[in-house]
2 protein chains.
Amino acid sequence: MEIFSKTCEYAIKAVLYLYTKQDRFAKIGIPEIAREIKSPVSFTAKILQKLSQRGLIRSAKGPGGGFYIGRKRKSIFILDIVNAIDGKESLNTCALGLKNCSSSRPCPMHFEILDCRKAIRNLLGSQSIEELSKKILSNEVYLVN
Amino acid sequence: MEIFSKTCEYAIKAVLYLYTKQDRFAKIGIPEIAREIKSPVSFTAKILQKLSQRGLIRSAKGPGGGFYIGRKRKSIFILDIVNAIDGKESLNTCALGLKNCSSSRPCPMHFEILDCRKAIRNLLGSQSIEELSKKILSNEVYLVN
DNA sequence: TCAATAAAGGACTTTATTGTCTTTTATTAA
DNA sequence: TTAATAAAAGACAATAAAGTCCTTTATTGA
């Protein structure tokens, strides 16, 4: 019943942390990110790498390098990170594990879970990283405790 | 983003299958249950054992033995099975993994996830095994495909 | 009482997830 | 052009979840 995998948790927190930086081109290194979101350094490196490959963040090698947001583009939402890490299918698999669960041959929970998933998708799709990072900066919410 | 663990999936399906039996005292063996819900036999045995220990179903050893529902009591809901298998905490852990996430020191998704979880809890708490098993018997929904 | 049956219980294996470590590649600045 | 730096990449290790197998215990009916 965990909402996100550990990988996804760290990914969300890492991206949020990057967005709390006022300068979208400020390069932040893995050690700092891992320290600030309290995540394992090497594992975080892998996740940042994937986020970068998926185009959600950018990276620069060499001295002064690190990860950064890059130029302003359309908003990023929590859902985008989840999709990038866990894949889009993860929000559509049958809750009872049926291979071919569908509205025409539904599992006992099909329609209810459908509604539920829709609600989750709406929620995650409405949570913009920009807004959340502002709340972090104003100490309304916290990335660690 | 899986709603249930595999253990929980099988547990729900096993209990649903038992409820499709008109006779609440008809003893059903592990092989039949596993076959009918398409689950691994030995693993299913463990799960049925746990469900029995938790008092959600009953069991009888020896010839003619098996698992059964037992006497009518207050309705069982999907939520009861989830709680019995995954524990009640599983619906309350912080989505971003913060140890002490709370309304006074919330993670960036705290309140939104709270609403979401409430919706899920309501849903799972409103799905009664009796009603779902009736839908299975009338071929409105299916346990396997 | 005894043999057969079926769940209970425990040790074990497999697989997926999480996490670590080391080497390579790209970049920077001296 | 070279030394230092930092991410990329890939192999490896630890842990947890899923699944198997074997022995024990309880029950039944002959």
Side-chain angles (χ1 to χ4, degrees), chain A residues 1-15 18 25-35 37-70 82 85-87 89-90 93 96-97, chain B residues 1-15 18 25-35 37-70 82 85-87 89-90 93 96-97:
Chain A
M1 190 61 79
E2 302 304 321
I3 305 266
F4 307 120
S5 63
K6 274 287 163 199
T7 307
C8 217
E9 275 183 23
Y10 297 145
I12 291 169
K13 288 199 264 193
V15 174
L18 283 185
F25 287 88
K27 318 284 191 300
I28 319 291
I30 295 167
E32 175 180 339
I33 296 173
R35 174 168 28 87
I37 69 173
K38 282 190 180 160
S39 61
V41 178
S42 295
F43 193 37
T44 306
K46 287 276 180 250
I47 296 166
L48 289 165
Q49 197 180 326
K50 190 175 257 184
L51 287 170
S52 167
Q53 288 165 345
R54 301 280 195 280
L56 284 177
I57 61 177
R58 293 175 170 277
S59 73
K61 283 185 181 178
F67 293 90
Y68 61 105
I69 299 303
V82 175
I85 297 294
D86 290 346
E89 330 74 53
S90 80
T93 55
L96 294 183
Chain B
M1 191 61 79
E2 303 305 321
I3 305 266
F4 307 120
S5 63
K6 274 286 163 198
T7 306
C8 217
E9 275 182 24
Y10 297 145
I12 291 170
K13 289 198 265 193
V15 174
L18 284 184
F25 288 86
K27 318 284 191 299
I28 319 292
I30 296 168
E32 175 180 340
I33 296 173
R35 173 168 31 86
I37 69 173
K38 283 192 181 160
S39 62
V41 179
S42 296
F43 193 36
T44 305
K46 288 272 180 256
I47 296 167
L48 289 165
Q49 196 180 326
K50 190 174 258 185
L51 287 170
S52 167
Q53 288 165 343
R54 300 280 195 282
L56 284 177
I57 61 177
R58 294 176 170 276
S59 73
K61 284 184 181 179
F67 294 89
Y68 62 106
I69 298 304
V82 175
I85 298 293
D86 289 346
E89 330 74 52
S90 81
T93 56
L96 293 183

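Residue numbers start from 1 in every chain, and the chains themselves are labelled A, B, ... in the order their sequence lines are given, proteins ahead of strands. Everything numeric in this text was worked out from a predicted model, so none of it was measured.
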If you round to the nearest 0.5 Å, how far is CG of A:Leu51 from NZ of A:Lys46?
->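 If I round to the nearest 0.5 Å, the distance is 13.5 Å.
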
Test item: A:Ser52 side-chain N/O and A:Leu48 main-chain N/O as donor-acceptor pair under 3.5 Å | no

Between A:Lys13 (side chain) and B:Leu96 (backbone), is there a donor-acceptor pair under 3.5 Å?
-> yes

Send over the distance from [X] [atom1] to [N] [atom2], rounded to a whole Å.
X       : N      : atom1 : atom2 : answer
B:Glu32 : C:dA7  : CD    : P     : 11 Å
B:Asp86 : D:dA16 : CG    : P     : 16 Å
B:Phe4  : D:dA17 : CZ    : C1'   : 17 Å
A:Phe43 : D:dT15 : CZ    : P     : 15 Å
A:Ile30 : D:dA9  : CD1   : P     : 12 Å
A:Ile57 : D:dA8  : CD1   : C1'   : 13 Å
B:Lys27 : D:dA26 : NZ    : P     : 19 Å
A:Lys61 : C:dT24 : NZ    : C1'   : 8 Å

Return the set of residues passing side-chain contact (heavy atoms from CB on, under 4.5 Å) with B:Lys50 (not counting sequence neighbours), or none when no residue passes.
->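 Here the qualifying residues are B:Gln53, B:Arg54, B:Ile85.
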
Between [X] and [N], is there a side-chain N or O to OP1/OP2 distance below 4.0 Å?
X       : N      : answer
A:Tyr10 : C:dG19 : yes
A:Thr7  : C:dT17 : no
B:Gln53 : C:dG9  : yes

salt_bridge(A:Arg35, A:Glu32) N-O dist < 4.0 Å |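 Judged by the 4.0 Å cut-off on N to carboxylate O distance, A:Arg35 and A:Glu32 do not form a salt bridge.
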
Give [X] one of three labels, base, sugar-phosphate or nothing, depending on what nucleic acid heavy atoms sit under 4.0 Å from its own.
X       : answer
A:Ala45 : nothing
B:Leu48 : nothing
B:Ile47 : nothing
B:Lys46 : base
B:Ile28 : sugar-phosphate
A:Ser59 : sugar-phosphate

Upstream residue (5' side of DNA chain C) when A:Ala60 and A:Thr44 are each assigned their closest nucleotide | A:Thr44

First of A:Gly62 and A:Pro40 reached from the 5' end of DNA chain C, by closest nucleotide | A:Pro40

If we fit an axis to the first five pairs and another to the last five of the helix from C:dT1-D:dA30 to C:dA30-D:dT1, what angle do they make, to the nearest 10°?
-> 0°

Can you see which heavy atom on B:Leu18 is nearest to which on B:Phe67, and at what distance?
-> CD2-O, 3.6 Å

Closest heavy-atom pair and its distance - B:Phe25, B:Gly70 =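 Scanning both residues, the minimum pair turns out to be CZ-C, 3.6 Å.
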
Of all the nucleotides listed ([options]), which has the minimum atom distance to the side chain of [X]?
X       : options               : answer
A:Lys6  : C:dT5, C:dA8, C:dT18  : C:dT18
A:Gln49 : C:dA4, D:dA18, D:dA9  : D:dA9
A:Ser52 : C:dT18, D:dA8, D:dA18 : D:dA8

With side chains defined as the heavy atoms from C-beta onward, is the minimum distance between A:Tyr68 and A:Ile28 less than 4.5 Å?
->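 Answer no - side chains too far apart.
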
